[in-house]
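A short write-up of the structure that comes next.
For clarity, every value in this text was computed on a predicted model and none was experimentally measured. Order of the sequence lines sets the chain letters (A, B, ...), proteins ahead of strands, with each chain counted from 1.
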There are 2 protein chains.
Amino acid sequence: MPTIKDVAKYASVSVATVSRVLNKKGYVSKEAEENVLKAISDLNYKPNSVARSLYHKTSKMIGLLIPDISNPFFPELARAVEDVALTYGYTVVICNTDEDIRKEAQYLEALQQKYIDGLILTTNQLSTDNYENLGIPLVALDRQFSNRVPTVSSKNYEGARKATEYLIKNGSEFIAHIRGPYHVKPADDRYRGFKDVVEEQGIAHIVVDCDFTMTNAMEVAKGLFEKYPTIDAVFASSDIAAAGVLKVAKNINKQIPEDLQIIGFDGIPLGEMLTPAITTVAQPIYKMGALSARLLIKQIEKQLLDVRNYEVETTIQYRETTRSDT
Amino acid sequence: MPTIKDVAKYASVSVATVSRVLNKKGYVSKEAEENVLKAISDLNYKPNSVARSLYHKTSKMIGLLIPDISNPFFPELARAVEDVALTYGYTVVICNTDEDIRKEAQYLEALQQKYIDGLILTTNQLSTDNYENLGIPLVALDRQFSNRVPTVSSKNYEGARKATEYLIKNGSEFIAHIRGPYHVKPADDRYRGFKDVVEEQGIAHIVVDCDFTMTNAMEVAKGLFEKYPTIDAVFASSDIAAAGVLKVAKNINKQIPEDLQIIGFDGIPLGEMLTPAITTVAQPIYKMGALSARLLIKQIEKQLLDVRNYEVETTIQYRETTRSDT
DNA sequence: CCCTTACCTGTAACCCGTTACACACACTAT
DNA sequence: ATAGTGTGTGTAACGGGTTACAGGTAAGGG
């Protein structure tokens, strides 16, 4: 690979002139510029971005910390981040943290040593300081953890309310909520939305815990239906959980949506692939990912943020696991 | 962030000594070592990997070029690559190429400029030279493209044969094959496996094309069932396609597996989530990803490869879209 | 004709590690 | 006493860019 020195020699100028041409900075005569340009193309010269990084202390790389790319919620998010990053000339480093504090710390250290330009966080096991001390721009995606960090999330509370109200409107009288993990903000908000509505309207209800896996959701659902056979609707905190509920319900021959309504949350593609397709409170996942990437890059490029916190709308996707459809 | 000079000053030694301690190379007295170690921990010094990269022309980063992370086949692969990479101290840069020649070229250039240490390729739009000219270790994953490049793939031809034979054994007499894109080697091999079996056994069959999306699969399946209502089995080249077929079949009230058997290929988690769960020719996806990462890192670290090409076994996951189950 | 200003260019320091090389010392072998 | 080996340490060049600074030329104004 040719270096800037080779180009300089070939074009009979100094490296400074080459650099000036490359960066379109400072004065360069037309003649010199042409020579340099020709040298660059003749030698097929590509500036070395590591050397640039070293000097500028930036890397044109951003990190995306997610719990697990194989959780179907994240690929679309990652895709959006990557798409936006690419258009601005950034590359994305994906880090699966498994919500493990040690892996997270390990990644943070590695990324910092590489002069990573910014971080999108959908995970926050470490204390806030650990992130802020990195001294680089951050965006919290889906989960918020500090009011100093710009955040992109969706209206989880409202979405949960809408879902619950919809189930009730369709005639359900005993609703189960399968909630997500406790330390996760969206799961808490969805739970609150559910609880507030059922309590306001005096509807019989039950809440059970579940992690992010479908296997767990199936176990939980099985136990639920055995213990409370009269449950006539389930609001699941994720589409994965809803899919698990659906599978169990079909196995025990419940008619969907006649005997049991199911509504999920997230709006992942899986929901539509199932039969019956799952009604869900959809978040604009791609949009959230893209938005957070833009928000991050804006910070990196020292632009002022007009809005620091985005709460995007959720919309109910009316599909086949709920009755009536308006 | 402290630099090696700060550490040297604090420990009253030269930077060379600090470097020697860091890399455990050359002679260092016990006393000096202790001082340096103390300085490192007192100052919380972390060596700057960009500077290291510049000198060593390596980056401890590997690139993973995939068509699209939101295609459910890839997250598990990416996850495996990332897990292995992490244990060897590498970070992974994910590149969604969309099978687009220009995006691929753009990534290749960016990665090369960053001194990327190696590449795992599941995509090959560019000509072989473009990859080999990078002068870095490569691994072809899922698709092979040159006998100079170590490859990890699964026995697509055999898997397809097994699937087709299984459908026939279960009594199907008119089998459709929904094949994948033409330029993709695994799709071709699966097609050949299917064709050879139906021709050997003189079974009525039809082959139709389809891309990687479920929407397309649904369109294709709809057309197929309208035109050939007597089709009694479908072998789809991917689980996504199989899911599309299943959905269409259920919509037109075909009894699965009584009226119609469906078998997919890949073994993505989705297959199990559906009801009925899709019988599929499963590839050990995680294993393939992990294997290719190890293969790549071995090359990067100049170890000799005892085996250069891995063809992993496929296994039929007997589930609910096929009859009998042995 | 002198001074200012715009334009153009090169030298060298800098970013932060790594390592070749030189030098110094202690000890053994001859 | 002298050469040779193993230790221990520092200086400086290097990797490949960027840029402050110095210095040079030409044009325009007074």
Contacts table for residues 63-73 of chain A: side-chain donor-acceptor under 3.5 angstrom, sequence neighbours left out:
unit_1, atom_1, unit_2, atom_2, d
A:Asp68, OD1, A:Ser70, N, 2.9
A:Asp68, OD1, A:Ser70, OG, 2.7
A:Asp68, OD1, B:Arg79, NH1, 2.9
A:Asp68, OD2, A:Ser70, OG, 3.3
A:Asn71, OD1, A:Phe73, N, 3.0

Quiz: residues 287-294 of chain B side-chain donor-acceptor pairs under 3.5 angstrom, not counting sequence neighbours:
unit_1, atom_1, unit_2, atom_2, d
B:Ser292, OG, B:Met288, O, 3.2
B:Ser292, OG, B:Gly289, O, 2.8

Validation: residues 28-43 of chain A side-chain donor-acceptor distances under 3.5 Å, sequence neighbours left out:
unit_1, atom_1, unit_2, atom_2, d
A:Ser29, OG, A:Ala32, N, 3.1
A:Lys38, NZ, A:Asp42, OD2, 2.6
A:Asp42, OD2, A:Tyr10, OH, 2.6

Side-chain donor-acceptor pairs of residues 302-309 of chain A under 3.5 Å, sequence neighbours excluded:
unit_1, atom_1, unit_2, atom_2, d
A:Arg308, NH2, A:Arg148, O, 2.6
A:Asn309, OD1, A:Thr151, N, 3.1
A:Asn309, OD1, A:Thr151, OG1, 3.4

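Applying the ring-ring contact (aromatic ring centres under 6.0 Å, His included) test to residues at least two apart or on different chains, the pairs with a partner in residues 113-135 of chain A are A:Tyr131-A:Phe145. Counting only residues at least two apart or on different chains, no salt bridge (charged side-chain N to carboxylate O under 4.0 Å, His left out) pair has a member in residues 1-28 of chain B.
In this view, B:Asn147 satisfies the side chain to side chain contact (heavy atoms under 4.5 Å, CB included) rule with no residue, not counting sequence neighbours. By the side chain to side chain contact (heavy atoms under 4.5 Å, CB included) test, B:Thr87 is found to be paired with no residue, residues two or more places apart in sequence or in another chain being considered. Residues forming a side-chain hydrogen bond (donor to acceptor under 3.5 Å, both in side chains) with B:Thr122 (at least two apart in sequence, or on another chain): none.
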Protein-proximity profile, nucleotides 10-19 of chain D, B/S/- by nucleotide at the 4.0 Å heavy-atom cutoff, equals BB--BBBBBB

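Among all heavy-atom pairs drawn from A:Ile4 and A:Tyr45, the shortest one is N-CE1, 3.5 Å.
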Using a cut-off of under 3.5 Å, enumerate the N/O to N/O pairs linking the protein to nucleotides 22-24 of chain C.
none

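Listed pair A:Tyr27 / C:dC8 fails the phosphate criterion, with no side-chain N or O lying under 4.0 Å from OP1 or OP2.
Bending across the helix from C:dC1-D:dG30 to C:dT30-D:dA1, expressed as the angle between its end axes from five pairs apiece, amounts to 60° (10° rounding).
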